[in-house]
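None of these values were measured; they are calculated from a predicted model.
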Amino acid sequence: MADESLDERVAALEERVTRLESAPPEADRDEVFWALEGLRRRLTGQGQVLFTGAVDLPNGEHYEWQQGAAAHGLLDADWSQHAAPYAALGHPVRLTLLRAVLRGTRSAAELQETAGLNTTGQLYHHLKQLTAASWLQAEGRGHYQVPPGRVVPLLVLLSTVVPTGNRTTGE
C-alpha cells in the first residue's frame with residue numbers, strides 16, 4: 001500500500017514537472033510581472049507608470065494605496081518644481097524620524113531621543129522640513145504622523161534604494 005501511494009505521488013509530481021517545463025515562456029513572465037501585466041491591459045497612449053501597496057505598520061495601522069500616471073505627462077512636467085519633497089528626505093535625521101513615526105513613535109520627546117538630537121531646536125528644524133513637504137503632519141500637540149496618502153509612496157521611494165532581495169527586473 002505504501003509503495004502504491006509513493007508511486008502515485010511520484011507520478012503526480014512528474015506530471016506537474018512536465019506541465020511546468022512545457023509551459024510557454026510568457027507564463028513565467030506573466031507570473032513574475034503580474035502587476036505589469038495588469039497595467040498593460042489598461043495602457044493608453046505612450047505608457048503609464050503605476051505604484052501600489054498594502055502595508056500593515058508595526059503599530060497596527062493598515063494602509064492601501066495605488067497611484068498611476070501617464071508617462072508623457074511625467075516627461076513633460078517641470079521636475080525642478082517638485083524638488084522640495086525629495087530635498088526634505090535628503091537628510092539622515094529626517095529619514096530616521098520618518099522611520100520612527102511609521103514604527104509607532106509619535107511624540108516629539110520620543111522622536112528627539114530616537115534621532116539622538118541634543119536640542120528641541122534641532123528636532124523642530126527637521127520636523128518643519130518634513131511637515132512643509134507633507135511627509136509628516138501634526139496630529140496634536142507635539143505628536144506627528146505620516147499622512148495616510150504618503151505612507152505607501154514613501155515606502156515606494158525607499159524601495160528604489162534600500163536592498164530587500166525582492167526586486168524583479170525586466171527590459
What is the minimum heavy-atom distance between [X] and [Y], and which atoms define it?
X: A133; Y: A88; result: CB-CB, 3.6 Å
X: V93; Y: A115; result: CG1-CB, 4.2 Å
X: S134; Y: P147; result: O-CG, 3.7 Å

Among side-chain atoms of E64 and H62, is any donor-acceptor pair under 3.5 angstrom?
->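 There is such a pair (donor and acceptor under 3.5 Å, judged by atom type) between the side chains of E64 and H62.
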Between [atom1] of [X] and [atom2] of [Y], what distance do you get to the nearest 0.5 Å?
X: L102; Y: N59; atom1: CG; atom2: CG; value: 8.5 Å
X: Y144; Y: E139; atom1: OH; atom2: CD; value: 10.0 Å
X: S107; Y: R141; atom1: OG; atom2: CZ; value: 13.0 Å
X: Q112; Y: L97; atom1: CD; atom2: CG; value: 10.0 Å
X: R150; Y: L157; atom1: CZ; atom2: CG; value: 8.5 Å
X: L130; Y: H125; atom1: CG; atom2: NE2; value: 9.5 Å

Would you indicate whether Y124, at its atom OH, is surrounded by more than 12 heavy atoms from other residues, nucleotides or ligands within a distance under 6.0 Å?
->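 Correct, the count exceeds 12.
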Please indicate whether R106 has more than 12 foreign heavy atoms, meaning atoms of other residues, nucleotides or ligands, lying under 6.0 Å from its CZ.
->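 Yes, because the 6.0 Å sphere around CZ of R106 holds more than 12 heavy atoms from other groups.
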Under a 3.5 Å distance rule, please check whether [X] uses its side chain to pair with a backbone N or O of [Y] as donor and acceptor.
X: Q122; Y: T119; answer: yes
X: T131; Y: L127; answer: yes
X: H82; Y: S80; answer: no
X: W65; Y: P153; answer: no

Are [Y] and [X] connected into the same hydrophobic cluster when the rule is that any two of I, L, V, M, F, W, Y join if their side-chain heavy atoms are below 4.5 Å apart?
X: L13; Y: L6; answer: no
X: F51; Y: W79; answer: no
X: L75; Y: L39; answer: no

Other than L74, what residues sit in its cluster of Ile, Leu, Val, Met, Phe, Trp and Tyr side chains whose heavy atoms are under 4.5 Å apart, directly or through others?
->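 Besides L74, the hydrophobic cluster comprises V49, listed by chain and residue number.
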Pairing of E110 and R103 as salt bridge, 4.0 angstrom limit =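 No, this pair does not count.
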For V152 and T52, run side chain to side chain contact (heavy atoms under 4.5 Å, CB included): C-alpha distance rounded to whole Å, both residues' side-chain angles, the deciding distance at 0.1 Å, then the answer.
-> CA-CA 7 Å; V152 171; T52 186; over 6 Å; no
Does the pair V146 and W135 meet the rule for a side chain to side chain contact (heavy atoms under 4.5 Å, CB included), with working shown?
-> CA-CA 6 Å; V146 175; W135 290 114; 5.6 Å; no
With R94 via side chain to side chain donor-acceptor pair (under 3.5 Å) - residues at least two apart |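 Partners of R94 under the side chain to side chain donor-acceptor pair (under 3.5 Å) test: H126.
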Going through the distances and angles, do T96 and L111 end up as a side chain to side chain contact (heavy atoms under 4.5 Å, CB included)?
-> CA-CA 9 Å; T96 298; L111 290 170; over 6 Å; no
